[in-house]
Structure formats: structure tokens, C-alpha cells
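Here's the structure we're looking at; comments come further down.
Model, not experiment: these values are computed from the prediction. Letters A, B, ... are given to chains in the order of the sequence lines, protein chains preceding strands, and every chain is numbered from 1.
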Amino acid sequence: MTTVTWTSDEIMTVTAARALEDEMSCFVGIGLPSTAANVARRTHAPGLWMVYESGTLGTVPDHLPLSIGDGVLADTADTVVPVPEVFNYWLQAGRIDVGFLGAAQIDRYANINTTVIGDYSSPAIRLPGAGGAPEIAASCGEAIVIMRHSRRAFVDQVDFVTSVGHGRGKGDRERLGLRGAGPTRVITDLGVLEPDPDTGELVLTGLHPGVEVEQVTQATGWGLLVAENVIPTPAPTETELSVVRSLTGNRQP
Amino acid sequence: MTTVTWTSDEIMTVTAARALEDEMSCFVGIGLPSTAANVARRTHAPGLWMVYESGTLGTVPDHLPLSIGDGVLADTADTVVPVPEVFNYWLQAGRIDVGFLGAAQIDRYANINTTVIGDYSSPAIRLPGAGGAPEIAASCGEAIVIMRHSRRAFVDQVDFVTSVGHGRGKGDRERLGLRGAGPTRVITDLGVLEPDPDTGELVLTGLHPGVEVEQVTQATGWGLLVAENVIPTPAPTETELSVVRSLTGNRQP
Amino acid sequence: MVLSLDEAVRTLVHDGDTVALEGFTHLIPVAAGHEIIRQGLRDLTLVRMTPDIVYDQLIGAGCARKLVFSWGGNPGVGSLHRFRDAVVHGWPAPLEIEEHSHAGMTNRYVAGASGLPFAILRGYSGTDLVGNNPNISTVTCPFSGQEVAAVPAVNPDVTVIHAQRADPSGNVQLWGITGIQKEAALAAGRVLVTVEEVAETLEPVPGQVLLPGRIVDAVSVVPGGAAPSYAHGYYERDNSAYQAWDGISRDREAFNTWLEEQIGVPAAGGT
Amino acid sequence: MVLSLDEAVRTLVHDGDTVALEGFTHLIPVAAGHEIIRQGLRDLTLVRMTPDIVYDQLIGAGCARKLVFSWGGNPGVGSLHRFRDAVVHGWPAPLEIEEHSHAGMTNRYVAGASGLPFAILRGYSGTDLVGNNPNISTVTCPFSGQEVAAVPAVNPDVTVIHAQRADPSGNVQLWGITGIQKEAALAAGRVLVTVEEVAETLEPVPGQVLLPGRIVDAVSVVPGGAAPSYAHGYYERDNSAYQAWDGISRDREAFNTWLEEQIGVPAAGGT
């Protein structure tokens, strides 16, 4: 008898990959998002059109890039455009269906902090900053957040709003002139959170295999709402895992 | 005994060519300006850096282009850039030393009309319009106007200001935020006009061989001021004429 | 994706549309313009930096209600006589005009391609274009207090361009003088590209612009579709045709004859 | 035009300058950055979209007074520890920061290259970047009434980039991921380019950017000058060096040792 097991990175990657549909255009960052997009393209979404912020449009790397400006992205792209074009002509113009975001902190309305922990002028921890995230969150058709679940990361209110999720609730995005739908799901190592359509507040809607609801609520720094019908994440298939592992070079644990 | 003779186009072309210095960057249009720039590059200004508004930077055509977007310009350019770059990164940024302008009408302050003769909303004659001219006149280090002298063309006030020369006089360019020096000379088939440094009004400063001052004042639709010291244009040299004619394919008349 | 020109125009261009057929003396989509005349489209707002003889033909044939432009001429030859006749005499129909400088039109396309409502530039200051065109305004720099010109984005319903090659997925490759075609295509709601040929794979060429197939709605294979302008690497400009147009276009009757004989449609106006 | 790196930095970069060493994970001008450290330049305002390990080194060495940026990290590895230490603990000197998003920085360079005082974009709305950076504002579209973000142009005193090739006239050719280098160079008062090699003629390459020699002040031949980043067509990224930097940079003493041993200068601060 074979028992399929996986790491928390792998279940996050596979869940994120499944969120991508064939023929979508996808703004990809390095790390899990890049792995997820490349898994999707090798499984159910062969027509996924991947864009990296270095200007590589429609790239089909044969291995995972080491950075968002890796040479393999340029070598395999439909075309490489200068950075102003990728931000102005592609992202800002609303041509990207889905963008991935990571975060150091996220709050109950899916606002995202990648700037500082603590006070901005004298921070406890200085993080890399905004990069492409504010406009990915603003202008992509939708955004998918991937991050590990912990009370330190899932906080009632972020220390710094680097990228706007759903503001202080429903209607805020429209008021701020943000044209995409914003974060439509937050994929963690425990499950999936989605904004309530009426309030914009994140609700637990999916649980990974073997995870209990209480684990998730305890790892969340606010009173997390739980959907009536929490959908269990189907276990990663052997195909999915083997594609993930061939890309990351990791063996089965 | 040989008598060197030339046409009015040839004396204008040669005079314009002489106004270009080696290593200058020059925004070139089709017709006489293109011939003049190419004559300069083949005679005293081999390092002249020619830019055509189609985006060809540093082009060295081996024959005169038929249009500002002729293939020979692309084939021989240092680089071809998209049209937004030639206007924004090169012209607007103030990187072009000298630009050529033609005109249907010019007035005593060297304001230029290439739009309509008569009233704008019901014109007597509809001309091609602005093209690159307003910003060439605004942003090049200086502008050189080439046109035939006649009372119909040299008018007290143009019917339509397509491109600003010296406005209503000294100080107007600064007030309007125009950063180049504007038209520094107007080269005609009769002579050369330059703006008075104190008033901005055009003054006759040069006369082509065989032309009398009175011919010029009679061909000008306002009371043309004449410089104390009008400089006679040196006759075209045989070299200059032979270069002009090899480019235009015209034989000596 | 790959459609006949007839079908592509029928599908993508409609009466009343704002249409840009772009090209900067190179790769002018002339054949597509003729197909628009042939299909009898009307009330078009035609947009282009450099309307040339194909726009003269569209105007003379009565397709256009309005022209948005920055320089309307027969490049290297002279004026556009059908355009003149429409503006001065309203023949065959009155033509509303909105005119800009090249710098302004360029930046209108850039704003359109960028999803911005407007563009800023240093331009127009002191010219009579300002008072005669409500689509030229100013904004003040919030940092320096400097005033700069502002023009609204242009977003054609349809942009039509001609290119050297496409692949079967509709990726389009053009090179040589690439002009404003990328921005004109990205600014548009729909994009039609006529090409010299379709190739299985597009071998990269220095200086190329590649338009990804996902922004292209239809490709039509029309060899010679840019003539009498030229296609870099394929054929040269037919300068005699530009010169001949001067004669044809000066005279309404000669133009009407051209329209019937060359395009196969009846004249739009009497003479 | 072609100068030694030592002479080029000495001539073009001065204490107190605003300096952009640009590159987007590709063609990072690392050797030029090390030369700036070696020459002991001080009070620099460093500008870059993606400050990475060479900026960490410049900051740790005490060259910088201020950093203007949009994402400061060790690409693919993690955080910049010298940057963190300067911001959080003021070591070896306090570091003023001005931070933007990539979209904002990109357009600041575009405005700088275009001779405009500012740029507009859709961005920043609702973020805390707005209140913490006076160089983020808004303007209202005079046509639609829509509000968009505004950022001032950035015009470095000096831009330093690395490229594959130059010719003896200083024409510079780079290809692969070309990033923001063209705009960063055009926005600058002075331009220094380190290159892998000088070639008599620059054979055109698909996707290349060519910077005309007239905007380049000095070219220095520094083969490998982008390592440990990569030069497309010349050498690969040395990923282990990025990973090793994480360990070196976490510790002030290890950093000081690196500074003395690798760059040959004494440490700027105690530990």
C-alpha cells in the first residue's frame, strides 16, 4: 500500500496551481507562485500565459527561474518588453487575469503588508517593500495570495498597507478606483480563505487534508469566520506531486 | 570661362546646409531640409547626427529618402526607436540641437502656419497641419525655417499659429514655457532673416548673390527691418553644388 | 484567428466605429482600407497621426464622419485633395476634424495603450491648436508647479495595421520602422492585422515588434497589402502611385472613376 | 570615451551625487558599485527599483545617505541585512529612505527620460505608501475628472549600467532582459556603462537596446562586471554567491571582513 504524503509547500503549490485556468494570463513572482504557475502549465492549463515583471511575456521556462529576471525567461518568451511596458501596457491596462502575491502580514480584509513590522519610521523589522504588489493587487483581474498560516502573519490589522485587498470592507475598492477584483482567495498551508461577497471579510472556505477548522482559527489573529460548507482540498495527485518535485528538485519527504 | 549658376532651391539648400555644425543632432523633415542635412553631412559636417521623426536615430542614408519613413533610413540608422520614444525621449527631452521647419505662412515674429489659410472653421485652403512642427519649434535647441519668399507667405500676422516662433515678441517664449531658442534664422530663396535679439522681430541679415534689399522688402508683407550690416551669402561652391545635384539627381540648369 | 480580409472587416468593423489604420509611411494597411470602402462602411471616426492617400480615399468615398489626426498629406508629394475638398466644400459629406500635433497624438495612443484616461506632454503651448480643440488642456505638476499639456487617451474601437508576418496563433511580427503600431493596437478594443505571410514560427528579427496573439482578433493574409507603401524586406514603396494620386485626387470625376474602376464601388457624391 | 573603471568613476561620480546603478536581476553593474566603495564616495543618494546585494554592500560600506527604491531584497534568497541594519539601527550610518512601487519608480524614470517634471499612473491608491512619501501625489484628468497618481521625474546625476558590448564611439548594445536601463540612462545627467567587450561594429541582435554614444559619457571594459548576476550570452548567474551573501551580510563582523578582503577598504563602522 502506498501512502501519498506531501509538504506544506507542496499542498500550497498544488492548490494554487489548480486555481489557474487554461489560457489565463498570469503575473508570476518568484518562489511558490512561480512553481504553481509552472505546475498548472504542465498539467491542466497548457495555455497559461505567464508574465514576469522583468518584461518576459508568454514565457515557457523549461526549469524554474532563480529570479524574476532569469535568462531562461527571456530565452523562452513570446517577447521581452522593457519594464515600463510590462507595468503600463500590460498590468495597468488590465490585461492580466490573475496575479500572485505573498505577504508578511495579511488582515481580515486581505490587505497586505510587505514593508515593515512595527512603526514605519522606526520599524522592528524592515521588509523588502512594495515591488510590483500594489498595482498587481489593484489591476489584475483577481489576485491570489499564498502564505503560511500563523497568528503573527494573519493579524486583525496590518502594520502597513503595502497593497490594498478589500480596504475596510465592501465598496472600498470601487471608492479607491481599484479596477480588479482584488484578492479572491488566500491559499495557506492549512486551507483556503475567500472574501465574503457581501462584506469583503475573509472566510475560511477550504481545508487541506488532515487539517481541522480549529487549527486554522487558532492560527488566525482575529475571529475568523468559517463558511457553512467548508470544502476539503482534494489530496494532491501523484501527477501533480511528481510535476512539483521535478520542478523543485525536491524528493518526496 | 565657367559661370557657376544655381536654382533658388539650390541656394536655399546650400545656405541651410552651412548652418549645420559638425556633431550637431538635427531633426530632419522631407524635402529641402533633408537635402540640406545630407549635403552638410557630405561636406563640412560628417558627424551630423540626423533624426527623422519616424524614429530613425543617427541615420546615414546613401540616397535621399522619399518620405520621413523611408526604408533606407531604418537600414542605415544607429537605431530605430518607436515613435513615442523619438518624440518623448529625444525631442521633448531637449536632446536635438536643431530642427528644420517649413511654412505656408510666417509672420514678423517667425510664428508659423501650416494649418489653414483663412478662417479655421471655414478655410480657404486646408493645409496638412501640425505634424511634428509645434514641438520641434518648442524643444529643439534652435529651429531653422526654410521657405520661399513672397508677400503671400511673409505676412504681418499668420492666419493660424501652428508653431510658435517668438510669439508677440521678446520674453513670450519664456512665458509660454518653450525651452529652445526658437527660429534663429529663416532661409529663403532671397536671403536670410534673423530675430532681433532685443525684440524677437525678424530682420534681414543676409542676401543671396545677385539679390537686392528692395527685392526682399517687396516680397515681405510687413515693413521688414534691414540689418545695418547685411551679409552677402557666399556663392555655392562647385563642391556644394555637385553634392546637391548628386543627391537630387538634378543636372545644372 | 486567420480570416479572409472580407470576413475580418465584416466581423470587426462596424458603421459608426472609431477606426485607426496606423502606419508611419511604412506598412500602411491600404488593402484593408480598400475593403472598408468596398463594404460601404459609414460614419466612421478615422484616427491616424499621418492620414495619407488611403485616408484620402476613405474620405472621398464617404466612409468618414470625422478625422482625428496630426498631419494629413501625401507624403513626399503634397496635399490630400479629397481631404481638402471634404473640409473646405463638404464633398462628398462634411468632415468634422480634431487635430493635434504628432507629439500629442503619439501620447494619446500611449495613454490608450496604458489604460490611463489622459497623457501629459510638453506641447501645444502658445499655438492656435489649443483654442480650436477642446481635447487639448493642461495640468499642473503637483511637485514643481509647472504646467504641462494634457490630451485624452485615444482608444479606437478597432485598430487595423499591416505587418510582415504572423504565426497561426496570431502572434504578429513587424520590423523596420515600427512607428506607433504597437500602441495603436494595444489601445484598441479590437485588432485586425493584415500580413504578408503566415509562418509556422516567427524567427526573431532585430528591431522587431511582436504583438502577442492574445491582443489580436484577426489576421488576414494579404500579400502586398501595404502597397503602394512598402513592407521592409518584402517590397519597395511605389512612389509613382503617390505621385499619380495627386492627379487623380485633384478632380472629383477622376476620383469617382478611380473608385469605380479600382475599388468597384459607385461614387459617394456627384461632382 | 573608453576609460578605465577607476578613472570613469573618479570623473563621473562625486560625493553627494544621486546615483542609479540599474539592472533588473540581469546585467547588474556590480564591479562599478565595488569601485564606488573603493573610492570611498560618501553621502550618495542611491536610486534603484530593485536594490540588491551591491546596494547592500554600498549601504554597509557607508556610501549612502539615502535610498530611493521600490523593492529591496536579495532576489530569490531573502532580505538585505545591511539595508535592514541601516534602517533599523542606523549602522554604519542612518539611511533615509523614499519608497515607491515598481510601477511608480518605472514611471519616474520614464518622466526623467522624457524631460517631463512628473508622471501619471494608476497606482498607490489606498496604500500607506501615500502618507509616508511626499513624492506620491495625485492629479485630476481634465477631461474625465478621474484622479490618478502622480510621481515626480527622477533624474540621477549619474546612471551606471552594465551592457554586453559597446563600440569605440560609445554606442552601447544590451539584450536579453533590458529592464529599465534605457530610461535610467536617458534620465541621467551623466552615464557610465561598463561592458563585457568593445567591438568595432555592433552586429544587431533581436530584442536589443542600443544607446547612442552621444548620451554615454564613459565606457569601461569590465569583463564579468555584472557577476554574480549574469550577462545574457556571456555568463550565468552565480546563485551560490547570492546565497552566500545572506550569511555574510547578517553579521556586521563578517561584512567588515568581506569589505576588507574582497574590496580592500577598511570598514565604515564598528560592530
Side-chain angles (χ1 to χ4, degrees), chain A residues 30-31 52-56 65-71 73-75 77 79-84 86-88 91-92 111 113-116 118 120-139 158-164 167 172-173 175-179, chain D residues 23-27 49-50 52 69-76 78-80 83-88 97 99-107 109-110 121-129 131-132 146-148 175-183 207 209 229-230 232-233 236-237 239 242:
Chain A
I30 286 304
Y52 288 73
E53 66 190 10
S54 55
T56 54
L66 295 170
S67 76
I68 48 92
D70 197 301
L73 299 174
D75 282 335
T79 186
V80 181
V81 297
V83 163
V86 77
F87 283 102
N88 293 342
L91 180 59
Q92 179 175 264
N111 300 301
N113 176 15
T114 56
T115 302
V116 286
Y120 183 71
S121 56
S122 66
I125 301 177
R126 175 66 227 194
L127 303 163
E135 287 77 24
I136 292 172
S139 294
V158 290
D159 292 354
F160 189 99
V161 178
T162 312
S163 304
V164 177
D172 260 18
R173 288 187 66 85
R175 192 178 53 72
L176 293 166
L178 309 174
R179 301 196 293 174
Chain D
F24 216 77
T25 87
H26 176 215
L27 293 174
M49 291 182 66
T50 53
D52 65 357
F69 75 110
S70 40
W71 189 88
N74 183 340
S79 286
L80 294 180
F83 162 60
R84 274 192 171 185
D85 204 8
V87 171
V88 177
I97 59 173
E99 71 184 301
H100 287 270
S101 67
H102 277 352
M105 279 300 289
T106 298
N107 283 295
Y109 278 122
V110 170
L121 70 150
R122 292 187 190 274
Y124 296 112
S125 182
T127 72
D128 286 338
L129 292 164
N132 286 289
Q146 283 181 66
E147 194 175 78
V148 296
W175 66 91
I177 285 167
T178 56
I180 193 70
Q181 282 96 314
K182 180 191 274 192
E183 287 75 17
V209 162
S229 83
Y230 73 106
H232 208 114
E236 301 280 318
R237 169 177 157 121
N239 207 44
Y242 283 85

Does a side-chain heavy-atom distance below 4.5 Å link A:P84 with D:I180?
-> yes
Find out whether A:V83 and D:F24 are in side-chain contact, i.e. whether some heavy atom of one side chain is under 4.5 Å from a heavy atom of the other.
-> yes
Specify which of D:G78, D:S79, D:G104, D:G179 makes the most heavy-atom pairs with chain A at under 4.5 Å.
-> D:G179
Atom pair OG1/CD of A:T162 and D:E99 - distance to nearest 0.5 Å = 7.5 Å
Tell me, side chain or backbone of A:P134 under 4.5 Å from chain D's heavy atoms, or both, or neither?
-> side chain
Below 4.5 Å from any heavy atom of chain D, which atoms of A:S121 appear? Answer side chain, backbone, both or neither.
-> neither
Kindly compute the distance separating OG1 (D:T127) from CZ (A:F160), expressed to the nearest 0.5 Å.
-> 6.5 Å
Side chain / backbone / both / neither for A:L178 at chain D, heavy atoms under 4.5 Å | side chain
Which answer fits A:N88, side chain, backbone, both or neither, if we ask what part of it has an atom under 4.5 Å from a heavy atom of chain D?
-> side chain
Against chain A, label D:F69 side chain, backbone, both or neither, depending on which of its atoms sit under 4.5 Å from a heavy atom there.
-> side chain
Heavy-atom contact with chain A under 4.5 Å, split by part of D:F83 | side chain
Return the option, out of D:N239, D:V148, D:D85, with the maximum number of heavy-atom pairs under 4.5 Å with chain A.
-> D:N239
The interface call for A:A124 against chain D, heavy-atom contacts under 4.5 Å, is backbone
Top residue by heavy-atom pair count (under 4.5 Å) with chain D, among A:A138, A:A137, A:G167, A:A130?
-> A:A130
Give, for atom CG of A:L66 and atom CD of D:E236, the distance between the pair rounded to the nearest 0.5 Å.
-> 9.0 Å
Of all heavy-atom pairs linking A:A74 and D:H232, the shortest is CB-CE1, 3.7 Å
Can you see which heavy atom on D:H102 is nearest to which on A:G132, and at what distance?
-> CD2-N, 3.4 Å
Euclidean distance, D:L121 CG relative to A:L91 CG, rounded to 0.5 Å = 10.5 Å
Check whether any side-chain heavy atom of A:S67 sits under 4.5 Å from a side-chain heavy atom of D:R237, and report yes or no.
-> yes
Residues D:S101 and A:E135: closest non-hydrogen pair is OG-OE1, 2.9 Å
Side chain, backbone, both or neither: which part of D:M105 has a heavy atom under 4.5 Å from chain A?
-> neither
Looking only at heavy atoms, the pair that brings A:G129 and D:W71 closest together is O-CD1, 3.9 Å
A:D70 side chain near D:T25 side chain, heavy-atom distance below 4.5 Å | no
Using atom types as modelled and distance alone, determine if a side-chain donor or acceptor of D:S125 lies under 3.5 Å from a backbone N or O of A:L176.
-> yes
Compare all side-chain heavy atoms of A:L127 with those of D:R84 and state whether any distance is below 4.5 angstrom.
-> yes
Which heavy atom of D:V87 sits nearest a heavy atom of A:P123, and at what distance?
-> CG1-CG, 4.0 Å
pair A:R126-D:L80: side-chain heavy atoms closer than 4.5 Å = no
Under 4.5 Å from a heavy atom of chain D, the part of A:R173 involved = neither
Does A:Q92 reach the main-chain N or O of D:R122 with its side chain, forming a donor-acceptor pair under 3.5 Å?
-> yes
Look at the side chain of A:Y120 and the backbone N and O of D:N132, then say whether any donor-acceptor pair between them is shorter than 3.5 Å.
-> no
Output the option from A:V116, A:D75, A:T115 having the highest count of non-hydrogen pairs under 4.5 Å with chain D.
-> A:D75
Could you look at A:T56 and say if it's the side chain, the backbone, both or neither that has a heavy atom under 4.5 Å from chain D?
-> side chain
